[in-house]
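Reading through the structure tokens given below for one structure.
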Number of protein chains: 2
Amino acid sequence: MTRSQRKARTTEAGQSEMALESLVGYNLKRAYVVLQSDYRSVMGDHGLSPRVFSALTFVVETPNLTQSDLARRLGIERSGLVAIVDELEGRGYLRRVAVPQDRRIQALSPTEAGVQAYEVALELVHDHENRVLHMLNTEEREQLVHLLKKIREKGE
Amino acid sequence: MTRSQRKARTTEAGQSEMALESLVGYNLKRAYVVLQSDYRSVMGDHGLSPRVFSALTFVVETPNLTQSDLARRLGIERSGLVAIVDELEGRGYLRRVAVPQDRRIQALSPTEAGVQAYEVALELVHDHENRVLHMLNTEEREQLVHLLKKIREKGE
DNA sequence: TATTGTTATACTCTATAACTATA
DNA sequence: TATAGTTATAGAGTATAACAATA
């Protein structure tokens, strides 16, 4: 394959296509932006941001989670997690609980309000995904998640 | 489907799976982060950032492109484009060319160095994608691009 | 009046480095 | 020495609002 052939591909309709169009990274970014902006419009201005929602999910579903654990699972630095935990605590969705065995640690314990907020938010997120992904059927969505997960697992 | 069934799915191995794991948005974000960080490590600190590379691609492949056109195609604001065009001009990869017919417009014209830098960068990006996506075969990559493009097209 | 390019400004997300209190 | 949580700080990336020049 020559350089020019690689650069200018041809679509089924016979139109020339930019090299960008066939790159995974470019399409991944653009699709990510589409989902992100629809997410914001569904969750609203005082709703949980994607990262705070993810954090709440881990807190609700993982007993005795520490902040370092959570940061590792979210793939961010411990320092960046502080603001996220502050927000969830400020909303009354979790408590920082002292651990007698190791006084450096503060376990993250969801409150009843936190569990309920999680349930409600999950419904909203499902609504959002159903709306923004209406052009993909169930099989295509599962295929997409499967492919994305493969990328994620090797990259960790 | 009840709320608890939707929340805690079961994998083939019989382990319970967090609701997060089946969300497209969550997996999209994580895969995006994996690609982004590999991109940086391949392109280096003084290499073109993803958005600058995308901008250069449009400039090289689209004759008589204006800044407003380019901003629209990249999906960002005109104001945000100024720094990108400044960088490309500073590297000597394009020129802002006055258009006699409409003196508000500055057409973006790639230089010879810009075209060459684009060719080199495209090779690097292909190397990067081949490396970071080694766990996907050609068919899977095309499938992924196809699915992502469907999301992008409806979201515009 | 509307549009192009531009500046100023602010906000979100994230990383690095350094601190404290524990271990 | 090493780790958990924290603070301060800085750098991308992006958006909004306002402006001058031009249409």
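Quick note on labels: first sequence line is chain A, next is B, and so on, each numbered from 1. All values below come from the heavy atoms of this structure, side chains included, with hydrogens, waters and symmetry mates left out.
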I need the [atom1]-[atom2] distance between [X] and [N], as an integer number of Å.
X	N	atom1	atom2	value
B:Leu94	C:dG5	CG	P	13 Å
A:Ile105	D:dT6	CD1	C1'	15 Å
A:Gln106	D:dT6	CD	C1'	10 Å
B:Glu87	C:dT6	CD	P	15 Å
B:Leu81	C:dT4	CG	P	13 Å

With sequence neighbours left out, what residues match A:Asn137 under side chain to side chain donor-acceptor pair (under 3.5 Å)?
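With sequence neighbours excluded, A:Asn137 shows a side chain to side chain donor-acceptor pair (under 3.5 Å) to no residue whatsoever.
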Taking ring pair (Phe, Tyr, Trp, His ring centres under 6.0 Å) as the cut-off, I'd like each qualifying pair that reaches into residues 37-75 of chain A, sequence neighbours left out, listed once.
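Listed by first then second residue: A:Tyr39-A:His128.
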Do B:Tyr32 and B:Gln36 have a side chain donor and acceptor closer than 3.5 Å?
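Looking only at side-chain atoms, B:Gln36 and B:Tyr32 do form a donor-acceptor pair, the distance falling under 3.5 Å.
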Give a yes/no on whether any side-chain N or O of A:Gln67 is located under 4.0 angstrom from OP1 or OP2 of D:dT3.
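False: A:Gln67 side-chain N/O out of range (4.0 Å or more) of D:dT3 OP1/OP2.
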With sequence neighbours excluded, what pairs up with B:Ala83 under the side-chain contact (heavy atoms from CB on, under 4.5 Å) test?
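Residues passing side-chain contact (heavy atoms from CB on, under 4.5 Å) with B:Ala83: none at all.
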Which other residues end up in the same hydrophobic cluster as B:Ile105, if Ile, Leu, Val, Met, Phe, Trp and Tyr are linked when side-chain heavy atoms come under 4.5 Å apart?
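Besides B:Ile105, the cluster holds B:Val99.
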Apply salt bridge (Lys or Arg N to Asp or Glu O under 4.0 Å) to A:Arg72 and list each qualifying residue two or more places apart in sequence or on a separate chain.
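So A:Arg72 forms a salt bridge (Lys or Arg N to Asp or Glu O under 4.0 Å) with A:Asp69.
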Test of understanding: with salt bridge (Lys or Arg N to Asp or Glu O under 4.0 Å), list the residues that count as partners of B:Glu87, not counting sequence neighbours.
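Per chain and number, B:Glu87 pairs via salt bridge (Lys or Arg N to Asp or Glu O under 4.0 Å) with B:Arg91.
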For a quick check, with a 4.0 angstrom heavy-atom cut-off, what is the B/S/- contact string for nucleotides 17-23 of chain D, read 5' to 3'?
B---BBS
What is the per-nucleotide protein-contact pattern of nucleotides 9-14 of chain D, from the 5' end, where B denotes a base atom under 4.0 Å from a protein heavy atom, S denotes such proximity for sugar-phosphate atoms only, and - denotes neither?
----SS
Per the salt bridge (Lys or Arg N to Asp or Glu O under 4.0 Å) rule, what does the pair list look like for residues 32-46 of chain B, sequence neighbours excluded?
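Applying salt bridge (Lys or Arg N to Asp or Glu O under 4.0 Å) to every pair that reaches into residues 32-46 of chain B, excluding sequence neighbours, yields B:Asp38-B:Arg131.
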